[in-house]
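A short worksheet on the structure shown next.
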Amino acid sequence: MTDNAWTRWPSPEALRRTGISRARLILGRVARLLAVGILLWGVFSSDEGRGWGAAGAAAGVLLSAFAGWAFFRTTLAHRLWPSLALLALLLGIAVAAQAAGFRVPALVIWCACAITSLERLPMAAALPVTSVALAAYAAVNDDVWLTTTATTAGLALAGYVLRLDAEARGNAQRLLAQERAARAAETESAALAERARIAREIHDVLAHSLSAQLVHLEAARLLIERGAGREQILERVVAARGMARDGLSETRQALSALRGELTPLEDFLTQLVSAAENAEVTIAGERRPLSAEASQAVRRVAQEALTNARKHAPGAKVRLRLVYGEHQVALVVRDTGGSPGELTGTGAGYGLLGMRERAELLGGSLVAGPEEEGFVVKLQVPV
């Protein structure tokens with residue numbers, strides 16, 4: 001069958017009891033118990049409900065209850081022909097009950113078949129079953145024709161309303177499941193992004209720290225090869241040790257920054273240039289709070305640019321300028337250039353590449369290259 005409004009089954013969520021309130025569940029159980037009670041009352045209150053007739057009627061009630069339970073299971077599994085077979089069995093039991101003189105149980109079974117088929121079957125299968133059940137009910141019912149017509153119409157309407165209610169509940173359950181899945185995916189994505197962010201921060205801190213240590217250790221090696229004095233070599237080793245200690249401190253600061261415990265960016269840059277030689281910083285524009293990612297990007301680029309200047313142009317004057325714009329913040333680091341240092345060839349050269357990748361992840365940009373009087377690094381990140 002093609003999947004259309006006539007041949008489409010109600011969704012599994014609509015056929016289950018998930019999402020039904022406790023009050024409605026209790027009301028449904030009461031209604032089913034009431035139907036079974038009416039069946040039993042109709043059996044034992046009639047003249048035929050004596051002796052073997054009573055035993056046969058009780059067996060019919062039990063068979064009807066089992067067939068009804070099985071019908072709910074087969075419709076939940078979307079098995080059409082077993083469901084129709086069970087309905088045919090129920091209709092046959094109702095006909096047999098009517099023939100044996102048990103009129104009330106027959107009417108109850110016909111009404112239940114009409115309603116549940118509309119609620120749980122595809123419309124193309126439900127309408128014939130409902131029509132047969134309601135026709136049998138109308139033929140047996142001895143009320144006036146207007147009452148019988150109103151009752152059959154009401155039963156058909158009740159079944160269709162229950163179907164609509166079940167489908168609405170099923171749609172709500174599906175939407176809730178999709179929302180939960182989306183939230184779970186969002187949580188997982190946020191966790192992965194946070195892990196990547198932590199890894200990037202630790203990588204940048206270690207890359208900067210180890211690069212700075214390498215500068216001093218390589219200088220110490222050159223001094224040893226040249227037979228320099230003990231004081232000069234010790235100065236470089238002590239400087240490398242200080243860089244290692246600073247690297248550990250920066251790692252702690254990075255972790256604190258990831259928790260939102262950032263020191264003001266302006267104070268950080270001031271401390272950074274105060275620890276360097278021939279460096280100064282100026283700040284322009286109206287100061288505004290930055291995200292942790294943007295603030296960390298500015299800090300790392302400033303550190304990397306100062307390290308590069310110290311390595312490639314020792315003794316050059318370095319100027320840092322931080323500019324707050326309306327939609328972005330910019331950092332410009334310029335050095336005045338100079339003769340290449342002895343450590344120019346050291347390092348892998350991945351520092352600025354990593355900074356450029358960091359800036360692009362934030363939707364910004366980083367440009368680095370020589371100028372007439374030296375080297376410049378320009379970073380722009382959105383506020």
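Residues Ala294 and Pro382 approach most closely at CB-O, 4.2 Å, considering heavy atoms. Looking at every heavy atom in both residues, Ala297 comes nearest to Leu379 through O-CD2, 3.9 Å. The two residues Leu90 and Ser64 have their closest heavy-atom pair at CD2-O, 3.6 Å. Counting all heavy atoms, side chain and backbone alike, Leu118 lies closest to Ala156 at CD1-O, 3.3 Å. In this structure, Phe268 and Gln303 approach most closely via the heavy-atom pair CZ-NE2, 3.5 Å. Residues Val129 and Cys113 share a closest heavy-atom pair of CG1-O, 4.5 Å.
With sequence neighbours left out, the side-chain contact (heavy atoms from CB on, under 4.5 Å) criterion links Arg319 to Glu280, Lys317, Thr336. For Glu235, the side-chain contact (heavy atoms from CB on, under 4.5 Å) test picks out no residue, with sequence neighbours left out. A search for side-chain contact (heavy atoms from CB on, under 4.5 Å) contacts involving Ala166 returns Ala14, Arg169, not counting sequence neighbours. Residues satisfying the salt bridge (Lys or Arg N to Asp or Glu O under 4.0 Å) test with Glu371, not counting sequence neighbours, are Arg334. Applying the side-chain contact (heavy atoms from CB on, under 4.5 Å) criterion to Pro12, with sequence neighbours excluded, gives Arg16, His78.
Checked by atom type, the side-chain pair Arg299/Ser295 shows a donor-acceptor distance below 3.5 Å. A donor-acceptor contact under 3.5 angstrom links the side chains of Thr75 and Arg120, judged on distance only.
Seen from the ring of Tyr324, Arg287 does not count as a face-on cation partner, given the 6.0 Å and 45° thresholds.
Rounded to the nearest 0.5 Å, atoms CG (Leu162) and CD1 (Ile115) are 7.0 Å apart.
Residues Leu223 and Leu217 are members of separate hydrophobic clusters, defined by side-chain heavy-atom contacts under 4.5 angstrom among Ile, Leu, Val, Met, Phe, Trp and Tyr.
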Could you list the donor-acceptor pairs under 3.5 angstrom formed between side-chain atoms of residues 130-138 and any protein atom two or more places apart in sequence or on another chain?
residue: Thr130; atom: OG1; partner: Ala114; partner atom: O; Å: 3.2
residue: Thr130; atom: OG1; partner: Ser117; partner atom: OG; Å: 2.9
residue: Thr130; atom: OG1; partner: Ala126; partner atom: O; Å: 2.8
residue: Ser131; atom: OG; partner: Leu127; partner atom: O; Å: 2.8

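Judged by distance alone, with hydrogens and angles left aside, the side-chain atoms of Ser189 form no donor-acceptor pair with the main-chain N or O of Glu186 at under 3.5 Å.
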Glu225 and Arg221: CA distance, side-chain angles, deciding distance, salt bridge (Lys or Arg N to Asp or Glu O under 4.0 Å) verdict: CA-CA 6 Å; Glu225 290 179 351; Arg221 183 186 67 81; 2.4 Å; yes
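Using a cutoff of 4.0 Å between basic side-chain nitrogens and carboxylate oxygens, Glu167 and Arg163 are scored as salt-bridged.
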